[in-house]
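Have a look at the structure below, then the notes.
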Amino acid sequence: MRVGFGYDSHCLVEGRSLVLGGVVIPYEKGLLGHSDADVLLHSIGDAILGAMAAGDLGTHFPDSDPLWKDASSMDILDRIRDLMSSRGFVVNNIDSTLVLELPKLKQNIPFMVRNIEKLFGLEQGRVSVKAKTNEKMGFTGRGEGIAAYCVVTITEKENLAP
């Protein structure tokens, strides 16, 4: 088994959609980035790449590449899943935390979890998405941006029990 840790953050700006976990969240601001700037999926992608010792999101999906301009992070994560599979790994579980003051995400989290479970073919109970405030401290606390942290475990396919 291998463990990977991921982190991402983006500024909140007007004129962009807020996409978290592949879900469009109704809010007055969205995240600024080359792609859809989905910090949750970016942190998951970085964690998986880290677990494989395969670099980071910027290495595989540079913001200088027009192919990824406004791309869905679900598509980016799909590519990372394919890379992981080609190297003989599968995801065991994903534990992630979003850090933001607003908007409140309680109603949206089950949809985020289902998107991630479906993408990786995981059964219920293997993906956790939590949302925490930063008690008004720092850039997330002031509502300037959103951060996400993630830990994943992956296993080589041949080491899976039948």
Side-chain angles (χ1 to χ4, degrees), residues 3-52 54-65 68-81 84 91-120 122-154:
V3 177
F5 173 77
Y7 169 81
D8 195 35
S9 64
H10 286 275
C11 294
L12 282 164
V13 296
E14 293 183 9
R16 297 261 308 185
S17 294
L18 178 58
V19 181
L20 296 170
V23 176
V24 178
I25 310 294
Y27 192 57
E28 62 204 31
K29 295 180 180 178
L31 293 169
L32 181 62
H34 186 66
S35 67
D36 63 9
D38 186 330
V39 293
L40 176 59
L41 298 185
H42 290 186
S43 69
I44 293 169
D46 256 350
I48 292 168
L49 290 168
M52 293 189 298
D56 64 9
L57 226 55
T59 301
H60 294 269
F61 310 96
D63 61 8
S64 59
D65 186 342
W68 304 112
K69 177 73 174 145
D70 298 322
S72 164
S73 293
M74 289 294 288
D75 292 340
I76 291 170
L77 209 52
D78 186 56
R79 294 271 185 114
I80 292 170
R81 184 206 57 220
M84 180 183 61
V91 170
N92 290 324
N93 75 301
I94 297 170
D95 182 23
S96 56
T97 303
L98 288 157
V99 183
L100 69 163
E101 297 296 316
L102 292 172
K104 299 301 182 191
L105 298 175
K106 185 176 183 178
Q107 293 179 323
N108 303 102
I109 287 175
F111 300 104
M112 296 177 203
V113 169
R114 274 188 285 245
N115 282 345
I116 298 162
E117 287 171 342
K118 184 177 177 182
L119 182 71
F120 290 103
L122 295 170
E123 62 193 37
Q124 190 175 8
R126 296 210 176 245
V127 175
S128 171
V129 175
K130 304 172 299 293
K132 304 290 182 185
T133 71
N134 216 26
E135 301 296 329
K136 305 215 184 292
M137 298 179 295
F139 76 93
T140 59
R142 291 187 300 270
E144 297 169 5
I146 299 175
Y149 299 87
C150 180
V151 174
V152 302
T153 59
I154 64 173

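These numbers come from the heavy atoms of this one structure, side chains and all, not from hydrogens, waters or symmetry mates.
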With sequence neighbours left out, write down each residue that passes side-chain hydrogen bond (donor to acceptor under 3.5 Å, both in side chains) with Gln124, or none if nothing qualifies.
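With sequence neighbours excluded, Gln124 shows a side-chain hydrogen bond (donor to acceptor under 3.5 Å, both in side chains) to no residue whatsoever.
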TODO: Could you list the residues that satisfy side-chain hydrogen bond (donor to acceptor under 3.5 Å, both in side chains) with Asp36, not counting sequence neighbours?
DONE: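 With sequence neighbours excluded, Asp36 shows a side-chain hydrogen bond (donor to acceptor under 3.5 Å, both in side chains) to Ser73, given in chain and number order.
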**Beyond-backbone contact of Ile80 with Leu57, side-chain heavy atoms, under 4.5 angstrom** =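 Yes, at least one pair of side-chain atoms sits under 4.5 Å.
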Q: Decide yes or no for Thr133 and Lys104: does some side-chain heavy atom of the first lie under 4.5 Å from some side-chain heavy atom of the second?
A: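 Result yes, sub-4.5 Å side-chain heavy-atom pair found.
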With rounding to the nearest 0.5 Å, note down the distance linking [atom1] in [X] to [atom2] in [Y].
| X | Y | atom1 | atom2 | answer |
| --- | --- | --- | --- | --- |
| Thr97 | Leu40 | OG1 | CG | 9.5 Å |
| Asn134 | Ile146 | CG | CD1 | 12.5 Å |
| Phe120 | Asn115 | CZ | CG | 11.5 Å |
| Phe111 | Ile116 | CZ | CD1 | 13.5 Å |
| Ile48 | Ser43 | CD1 | OG | 9.5 Å |
| Ile25 | Leu20 | CD1 | CG | 5.5 Å |

- Message: Can you tell me if Lys106 has over 12 outside heavy atoms packed within less than 6.0 Å of its NZ?
- Response: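 Atom NZ in Lys106 is not crowded, with 12 or fewer foreign heavy atoms closer than 6.0 Å.
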Shortest non-hydrogen contact between [X] and [Y], atoms and distance:
| X | Y | answer |
| --- | --- | --- |
| Ala51 | Ile154 | CB-CD1, 3.6 Å |
| Ala37 | Leu31 | O-CD1, 3.2 Å |
| Glu123 | Glu117 | O-OE2, 4.0 Å |
| Gly143 | Leu12 | O-CD1, 3.5 Å |
| Ala47 | Cys150 | CB-O, 3.9 Å |

Heavy-atom donor-acceptor pair, [X] side chain to [Y] backbone, under 3.5 Å:
| X | Y | result |
| --- | --- | --- |
| Ser96 | Ser128 | yes |
| Ser17 | Val19 | no |
| Glu101 | Lys136 | yes |

Applying salt bridge (charged side-chain N to carboxylate O under 4.0 Å, His left out), which residue pairs with at least one partner in [range] are found, sequence neighbours left out?
| range | value |
| --- | --- |
| residues 3-21 | Arg16-Asp70 |
| residues 22-33 | none |
| residues 37-52 | none |

By salt bridge (Lys or Arg N to Asp or Glu O under 4.0 Å) - contacts of [X] (at least two apart):
| X | answer |
| --- | --- |
| Asp78 | Arg81 |
| Asp95 | Lys130 |
| Asp75 | none |
| Arg114 | none |

Who passes ring pair (Phe, Tyr, Trp, His ring centres under 6.0 Å) against [X], sequence neighbours left out?
| X | result |
| --- | --- |
| Tyr27 | none |
| Tyr7 | Tyr149 |
| His60 | none |

Please lay out, stage by stage, how Thr153 and Arg126 fare under the test side-chain contact (heavy atoms from CB on, under 4.5 Å). CA-CA 10 Å; Thr153 59; Arg126 296 210 176 245; over 6 Å; no
Margin query: Determine whether Leu100 and Leu105 satisfy the following criterion, side-chain contact (heavy atoms from CB on, under 4.5 Å), listing intermediate values before the conclusion.
Written below: CA-CA 9 Å; Leu100 69 163; Leu105 298 175; 3.8 Å; yes
Practice item. Evaluate side-chain contact (heavy atoms from CB on, under 4.5 Å) for Leu41 paired with Ile44, printing each intermediate quantity in order. Key: CA-CA 5 Å; Leu41 298 185; Ile44 293 169; 4.2 Å; yes
